[in-house]
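Some notes on the structure that comes next.
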Amino acid sequence: MRSIINILDLTVEELDELIATANDIIANPKSTAKNAGVETGYPVFEPSTRTRLSFEAAMYELGGNVLGFSEAQSSSAAKGESVADTAKTVSCYADIIAMRHPKEGAPLVAAMNATVPVINAGDGGHNHPTQTLADLLTIYREKGGFENLTVGLCGDLKFGRTVHSLIDAMSRYAGVKFVLISPEELKVPSYVKQGMKDKGIPYVQTTDLESVMPELDILYMTRVQRERFFNEEDYLRLKDSYILTPEKLTNAKQDLAILHPLPRVNEIAVAIDADPRACYFKQVLNGKYMRMALILKLLEV
Ligand code: NCD
C-alpha cells in the first residue's frame, strides 16, 4: 500500500509511466475504461472545484464509485474529530482516499493512519502533487518532454502550493531553468529555494514579468491565495500584481505554453483564452487523465 503526499514520492520513471497511461487513455478512451470497482473517500476540508470533480470523474470513468463530503462542516470534523480518526474511518468504507486540507501535513497524518492509499489533493500552502501531474502531462503534450525548458512561474509563489510541487517535479530534468516572478512579499519559501540549490538548478527571481517574457518556454500563472493571507489589506494591495494581457505577450515566444492551475481571478485576461498558447483548460482535462492513471497505479488494477 502506497500513498502520494509529495510529487517526489513518484520517481521520474513512474511519472513517465503515468504519462504513458494517460496518453493511452486519451488515445483509446473506450478500450481502457477498466472497471476498477473501488470507492474514493473524498474528505474535502477546503473549497475545491477541479480537484474534487476530476477525482470523481476519474473514479467514475474507471468504473468505480465515490463517497465523501464536500465540506468539513458536514463531517464529524465539525465535532472535533481528528484527521487521524477521520482517515481510519474512511478506510473502512473506501479503497483509496483523496484528501484536501487547509493544514500543511494533514494528508501525511491521514496516510500514517489510513489502511488504504492516501493521495494529497492539496495541503494548505504546501504541496499539490496531483495538480503537478496535470501540469506535467500538459507540458509533455505541448513540448514533447521536460528537458531544457525555461519555466516562468508568476504570482503568489509563497502560498501557491502548485508552484512548490511543480518546482520539485521539474527540478529533476536536465537543462531546466526557473524564472520566479512575484512581488517581494510573495517569493518562493526558502525550503523550495533550497531544493533548487541542492540540485544545482539555475533560477532567477524578479518582480517584472514583461522583461523576462521573451526567455520563457512555459509561463505558469497563479492566483494570489487570499485564504492564506493574515490580513485583507495585504491581499488587496497584492492581488493585481500581475495581469496577463495580449499586449504583454508581444515579445513572448510563438510556442510559449501558458498554464494556470485555476481558478483564475483576474491574473489572465479572458482575451488570452483564444490564443493558441493558452493551455489552462487543456490542463483541467489532463488532470482527470493523470488522476485516472494514478488511481490505477496505486490500486494496481
Ligand atoms: C489550486 C489549488 O487548490 O492549490 N487549484 C487547483 O487545485 N486546481 C490553485 C489555486 O487554488 O489557486
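In what follows, every heavy atom counts, from backbone to side chain, and hydrogens, waters and symmetry copies are set aside. Indexing begins at 1, ligand by ligand and atom by atom, following the structure's order. No experiment lies behind these values; they were computed from the predicted model shown.
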Taking distance alone, with N or O pairs closer than 3.5 Å, would you say [X] contacts ligand 1?
X: Pro263; result: no
X: Arg100; result: yes
X: Glu227; result: no

Closest protein heavy atom to [atom], given as residue, atom name and distance to 0.1 Å:
atom: atom 9 (C) of ligand 1; value: Leu262 O, 3.5 Å
atom: atom 7 (O) of ligand 1; value: His128 NE2, 2.7 Å
atom: atom 4 (O) of ligand 1; value: Arg161 NE, 2.7 Å
atom: atom 10 (C) of ligand 1; value: Arg223 NH2, 3.4 Å
atom: atom 8 (N) of ligand 1; value: Pro261 O, 2.9 Å

Within ligand 1, which atoms have a heavy atom of [X] less than 4.0 Å away?
X: Gln225; value: 10 (C), 12 (O)
X: Thr162; value: 1 (C), 4 (O)
X: Thr51; value: 6 (C), 7 (O)

Please check if any side-chain donor atom of Asp135 sits under 3.5 Å from a side-chain acceptor atom of Gln283, or the reverse. yes
May I ask you to decide whether Lys239 forms a salt bridge with Asp156, counting only side-chain N to carboxylate O separations under 4.0 Å? no
Does a salt bridge link Arg237 with Glu233, judged by any charged N lying under 4.0 Å from a carboxylate O? no
Is it true that the NZ or CZ of Arg291 lies under 6.0 Å from the centre of Phe55's six-membered ring and within 45 degrees of the ring axis? yes
Would you call the rings of Tyr235 and Phe229 parallel, tilted or perpendicular if under 30° counts as parallel and over 60° as perpendicular? perpendicular
So, Phe178 versus Tyr203, ring centres under 6.0 angstrom or not? no
Surrounding CZ of Phe230 (heavy atoms of other residues, nucleotides or ligands, distance under 6.0 Å), is the total greater than 12? no
Can you hop from Tyr173 to Val204 via hydrophobic side chains spaced under 4.5 Å? no
